[in-house]
Amino acid sequence: MAVKSGLTLPVILPPSRRMSDAVRDTLRRPLASLRLSVTDRCNLRCRYCMPEDEYVWLPRTSILSFEEIDRLTSVFTGLGVQKVRLTGGEPLLRHDLPTLVAKIARNPRVNDLAMTTNGLLLGKQAAALRAAGLQRVTVSLDTLRPERMLAFAKSARHADVLEGITAAQQAGFDRLKLNAVVIRGFNDDELADLIEFARAHAAEVRFIEYMDVGGATRWSPDQVVSQREMLDVLARRYGAIEPMHATGDDDRAPAERFRLGDGTTFGIIASVTAPFCRTCDRSRITADGTWFLCLYARAGVDLRERLRHGVSDDELATLIRETWQGRTDRGAEERLGVADRGALYRIDSLRADPHREMHTRGG
Ligand code: SAM
């Protein structure tokens with residue numbers, strides 16, 4: 001409610017678009033969900049994402065300002081996007097992130113504003129992010145064992161991640177989620193421990209199949225623990241596991257959700273063995289304003305240069321609408337058909353074009 005001269009006036013918001021109005025691609029998938037990578041930098045070196053010590057970084061001058069990100073977000077929401085997720089790199093390395101959150105939160109068409117983070121800096125920032133209008137947080141937590149994190153992500157700061165999770169809980173975010181990439185021989189013996197940890201922290205864990213994208217240059221099929229295998233392991237421990245039927249917001253979500261006998265829920269993102277391209281409504285903007293229509297896409301659309309050379313919002317909207325209407329991408333499904341599948345890129349190819357990196361595109 002807005003208060004003016006002692007009167008309380010209702011704030012009139014534009015009606016949020018119905019899904020039927022949304023811009024759709026060639027497979028009738030709506031333009032509905034936008035991932036904004038706010039930096040390509042990260043303070044972890046996870047083996048499956050960013051294993052090298054040094055990288056070819058995006059030039060600093062190419063990084064979008066908060067005003068540019070906000071403007072792009074408004075154009076996308078004018079075309080039907082309702083869900084926005086901040087990611088990276090590590091989004092909390094971007095200076096003054098609550099200011100960006102507050103700008104996006106003011107956009108009445110955004111009805112779900114979330115962030116994916118490794119949690120290292122969340123302890124200090126959770127309350128400010130919540131106050132700025134961030135609604136949901138997903139924290140990546142692959143292991144409960146500090147020594148494993150040290151070996152796998154080259155970081156001794158496991159305690160900071162746990163502190164970040166506690167701070168997120170206390171800050172009152174809706175539906176706290178924990179992401180765990182499951183890799184054979186690394187953390188596949190921790191599935192039940194992660195479920196128990198999530199339950200104790202009023203969170204829901206989502207197990208992610210190890211993908212062959214971007215910086216996963218050491219990927220091989222034998223390291224992937226499939227959804228089927230995870231469910232078998234968990235059923236041996238917990239008994240019958242019931243699949244939950246997707247409703248409303250969940251029907252395009254990447255995770256399939258399951259319920260244990262005692263009501264505890266968890267999700268599995270089976271991007272490798274059961275890809276969900278058919279319902280994928282996501283696209284991604286890198287920190288330098290390159291728009292990717294698929295995590296596996298070879299090239300993206302440069303929005304930054306257009307922004308910086310005086311393009312109007314209408315012109316941007318036309319470009320985005322027409323590009324989305326021509327979208328045919330089914331990257332993960334096409335990978336299923338590749339014989340002798342190995343990592344998508346080798347390190348020299350990533351160095352030649354850092355836009356191929358997962359930490360640039362945002363996971
Ligand atoms: N730094 C933040 C974080 O750690 O959550 C956000 C960026 S990170 C690229 C986003 C998500 O992508 C994380 O949950 C991460 O585990 C996931 N991810 C990165 N590489 C992956 C891979 N090869 N397979 C599956 N998931 C991956």
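Excluded from the calculations below are hydrogen atoms, water molecules and symmetry mates; all remaining heavy atoms, backbone and side chain alike, are included. One-based numbering, in listed order, for ligands and for the atoms of each.
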Give the intermediate values and the outcome of side chain to side chain donor-acceptor pair (under 3.5 Å) for residues R284 and S37.
CA-CA 7 Å; R284 302 174 154 77; S37 172; over 6 Å; no
Side-chain cluster (under 4.5 Å, hydrophobic types only) that M50 belongs to, other residues:
Y55, W57
Decide, yes or no, whether a salt bridge links R308 with E305 under the criterion of side-chain N to carboxylate O below 4.0 Å.
no
Using a 4.0 angstrom limit on heavy atoms, which residues are close to ligand 1?
Y48, C49, T87, G88, G89, E90, T116, T117, N118, S140, N179, V181, I208, E209, Y210, M211, A216, M358, G363
Should we say atom CZ of R184 is surrounded by more than 12 heavy atoms from elsewhere, each under 6.0 Å from it?
yes
Test of understanding: with ring-ring contact (aromatic ring centres under 6.0 Å, His included), list the residues that count as partners of F173, not counting sequence neighbours.
none
Residues at least two apart in sequence or cross-chain that pass side chain to side chain donor-acceptor pair (under 3.5 Å) with D353, listed by chain then number, are H355
